[in-house]
Amino acid sequence: MKLFGVDVGGTFTDVFFNDTEKHKTFIHKLPTTLEDPSVGVINGILELSKLHNVVIEEINHIFHGTTIGTNAILEFDGAHTGMITTEGYKDIMHIGRHQRPENYSIMQDIPWQNQPLIQRRNRKTVSERMGPKKGEVIKSLNEDEVRAAVNELKELGVESIIVGFLFSYINPEHEQRVVEIIKEEYPEAFITSSSDVSPQFREFERFTTAGLNGFIGPKVKNYVGNLSEGLKSANISADLHIMCSNGGVATPENIAAKPVNTLLSGPAAGVLGGAYAGALSDRKKLITFDIGGTSADIGIVTEDGFGEASARDTWIAGYPVMVPMIDIHTIGAGGGSIAYIDEGGLFKVGPKSAGSVPGPACYGHGGTFPTVSDANVVLGRLDQENFLGGEMKLHTEAAHQVIGELADKLGMTKEETAEGVLRILNNNMANAIREKTIQKGADPREFSLVAFGGAGPLHAVDVARELKIPEIVIPPYPGINSATGLLTTDLKYDVIKTEFMLSSELELGILNEDFQALEEGLRQQLIDDHVNDEDVSMLRFAECRYVGQGYELRVPLPNEELIGQNIEKYFDLFHEMHRNEYGHAFKESPIEIVNIRVTGLGKMPKLNKEKMNERSTLEEAIVKTENVTFRHKGELRKIETIHYQRELLPVGIQIEGPAIIFQKDTTTVIPPDNSFSLEEFGNLIIKVGDQS
């Protein structure tokens with residue numbers, strides 16, 4: 001199999017190729033084409049294929065991570081969207097839950113009110129009503145009102161229409177009929193049904209999730225279409241699959257209909273790539289640490305795999321999202337993060353970024369703001385001649401100029417200012433990791449830090465020291481680790497159904513029937529996607545809580561008929577999970593099954609791990625020796641540092657720092673009092689020293 005993984009970031013597009021039969025791996029990196037990222041995706045595949053004689057007609061699969069939907073929300077650059085909802089409930093998306101995002105702030109931003117996805121004038125109501133218990137029809141749908149509403153929205157120029165009715169998660173009949181009418185009256189519109197995207201209770205979150213899908217829908221659909229057509233024009237007939245937030249991939253058709261599932265596409269692939277790197281070194285407790293040009297993404301992997309965000313934790317740009325997502329914490333911290341002095345005179349770094357255009361000053365594209373990358377250049381940690389494997393020459397004079405201007409304002413030397421930039425950034429990232437570990441009851445000292453992204457290996461040791469993490473894993477290709485992660489997953493679809501059933505009043509017949517119906521639908525979906533029946537597998541879950549609680553815990557269930565004995569075992573598991581999460585459990589209290597959920601998996605081809613060439617010597621790996629600025633034993637000074645080429649490092653030799661390690665996709669920095677070694681499957685293992 002010839003497999004491509006392509007991940008589009010804010011600065012670079014990363015391309016990873018693996019030939020599973022010949023055990024060959026090639027990588028490529030090129031600037032993201034912001035005006036149309038699909039151009040960069042196709043160019044990246046073609047350029048790598050030309051460089052390494054890959055026959056494009058023989059490519060079997062392309063796996064792709066995209067930020068199109070995410071950026072549309074972050075930049076609030078989506079479609080002009082309308083809504084049809086139940087009479088009397090047009091303001092649910094504005095009111096929310098009467099909860100202020102920041103309880104004590106008088107100057108806070110409430111995104112769903114300050115930047116509504118759907119303007120109030122574009123929210124139309126119609127007569128209809130379903131009952132809350134069994135989904136019985138209380139008031140029939142007034143189809144004349146629906147047609148009038150659709151035509152009003154059409155006259156207003158909306159490109160996208162969402163349909164969200166009360167209790168449609170129980171009975172979607174009215175929503176489905178409205179979708180049919182929209183197709184008759186306004187077939188050009190992008191249509192989203194809330195019961196199709198997120199068939200769960202909680203109207204505010206369900207409507208907002210549907211709103212997000214409608215808001216980004218036309219842009220993502222056009223992008224997927226352009227990419228598919230571009231691949232065909234380039235004579236690339238490989239199957240295309242796109243990464244979803246849940247850690248699986250989906251077909252272009254599925255993504256075009258439900259783009260909201262891609263909101264953490266790239267970061268999710270990064271967590272998978274981090275887990276794969278950990279597995280290469282037999283590490284199972286991992287903190288994944290992905291630093292790119294604009295952001296840092298942090299995930300947690302344990303013996304049970306990666307965590308999934310709960311309904312109370314899934315937010316994008318301040319909007320709630322009720323779709324399955326890997327639990328990832330993102331902050332505005334990356335190589336392009338801008339350092340500045342705020343209005344109160346404080347020295348800050350990020351979250352604003354120079355991006356890829358114009359980018360950091362050291363890129364030579366006209367950047368005039370001091371950034372993290374510029375600080376690394378001033379300290380000698382990024383080398384002028386060895387950036388992107390020598391394909392891109394850094395402009396050191398420009399970096400020194402912008403850092404020097406900031407230093408003059410601060411009354412510090414350039415080196416002190418550059419170190420200050422890095423210390424602020426590293427502290428921000430350490431605090432983000434504390435939120436995902438210490439504040440959740442986990443000890444970061446028990447984990448390995450898997451550092452990747454273009455800037456992750458530059459900062460990993462300093463962040464690990466701050467948190468007393470003893471070990472760092474640098475994957476074989478850290479700068480394109482998300483692209484690597486794309487080749488480690490499967491087709492993955494999730495379906496959910498709200499039940500509201502008490503443990504004391506179980507209706508096992510209904511539960512078993514509902515699970516079976518969900519599984520049959522998923523199995524058909526995967527077969528339609530050309531997955532062989534023997535490659536299909538199912539996972540069952542129940543989302544449970546104690547009666548009266550506001551949020552649920554996800555409990556795995558067996559793939560077998562539920563009977564009294566086996567379900568009691570899983571109620572006991574819920575008590576245990578509740579104790580682990582909150583510190584207490586109430587074993588005498590009844591448990592409420594709120595939702596049931598099935599995950600369908602379709603097995604996909606995956607990359608093969610490769611052993612490193614063990615014939616090289618340490619002397620062969622040395623590129624040069626130069627002075628690099630480090631703080632050592634309390635003093636900031638230049639220290640003679642050996643620079644190595646990673647591909648030539650020998651396997652199994654423990655090497656003392658300080659060191660700078662070059663490779664095409666990133667640079668790894670090892671300060672004094674730390675050591676490193678290369679393992680047989682390509683991971684670089686850094687043993688973190690003390691904080692002297």
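The residues of the chain are indexed from 1 along the displayed sequence.
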Side-chain heavy-atom pair [X], [Y] within 4.5 angstrom cut-off:
X    : Y    : answer
I182 : V163 : yes
P320 : T314 : no
L264 : T70  : no

With no hydrogens and no angle check, just 3.5 Å: does a side-chain donor-acceptor pair link [X] and [Y]?
X    : Y    : result
D494 : T599 : yes
S194 : R206 : yes
E520 : Q516 : yes
D529 : Y493 : yes
T32  : T13  : yes

Strictly below 4.0 Å, N to O, side chains only: are [X] and [Y] in salt-bridge contact?
X    : Y    : value
K183 : E180 : no
E184 : K154 : no
E308 : R554 : yes

A quick test of your reading: do over 12 heavy atoms of other residues, nucleotides or ligands sit less than 6.0 Å from [atom1] of [X]?
X    : atom1 : value
F369 : CZ    : no
K352 : NZ    : no
K124 : NZ    : yes

Ring centroid separation for [X] and [Y], is it under 6.0 angstrom?
X    : Y    : answer
F500 : F201 : yes
H584 : H578 : yes
F215 : H80  : no

- With sequence neighbours left out, what residues match D144 under side-chain contact (heavy atoms from CB on, under 4.5 Å)?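 With sequence neighbours excluded, D144 shows a side-chain contact (heavy atoms from CB on, under 4.5 Å) to N142, given in chain and number order.
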- List for me each residue that meets side-chain contact (heavy atoms from CB on, under 4.5 Å) alongside K348, sequence neighbours excluded, and say none if there are none. Y340, D342, L346
- Item | Partner of F190 under side-chain contact (heavy atoms from CB on, under 4.5 Å), chosen from N213, T81, I161 |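 Of N213, T81, I161, side-chain contact (heavy atoms from CB on, under 4.5 Å) with F190 is met by N213 alone.
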- Cation over ring, R97 on F204, under 6.0 Å and within 45°?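 That pair does not qualify as a cation-pi contact.
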- Query: Does the E185 side chain pair with the main chain of V150, one donor and one acceptor, at a distance under 3.5 Å?
  - Reply: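 No; judged by distance alone, with no hydrogens or angles, the pair does not exist.
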- Query: For the side-chain hydrogen bond (donor to acceptor under 3.5 Å, both in side chains) test, which of K139, E143, E128 pairs with H174?
  - Reply: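 Going through K139, E143, E128 one by one, the side-chain hydrogen bond (donor to acceptor under 3.5 Å, both in side chains) with H174 is satisfied by E128 alone.
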Holding to side-chain hydrogen bond (donor to acceptor under 3.5 Å, both in side chains), I want the full list of residues that pass it with [X], two or more places apart in sequence or in another chain.
X    : value
R434 : N431, E466
E592 : R545
R123 : D91
R129 : none

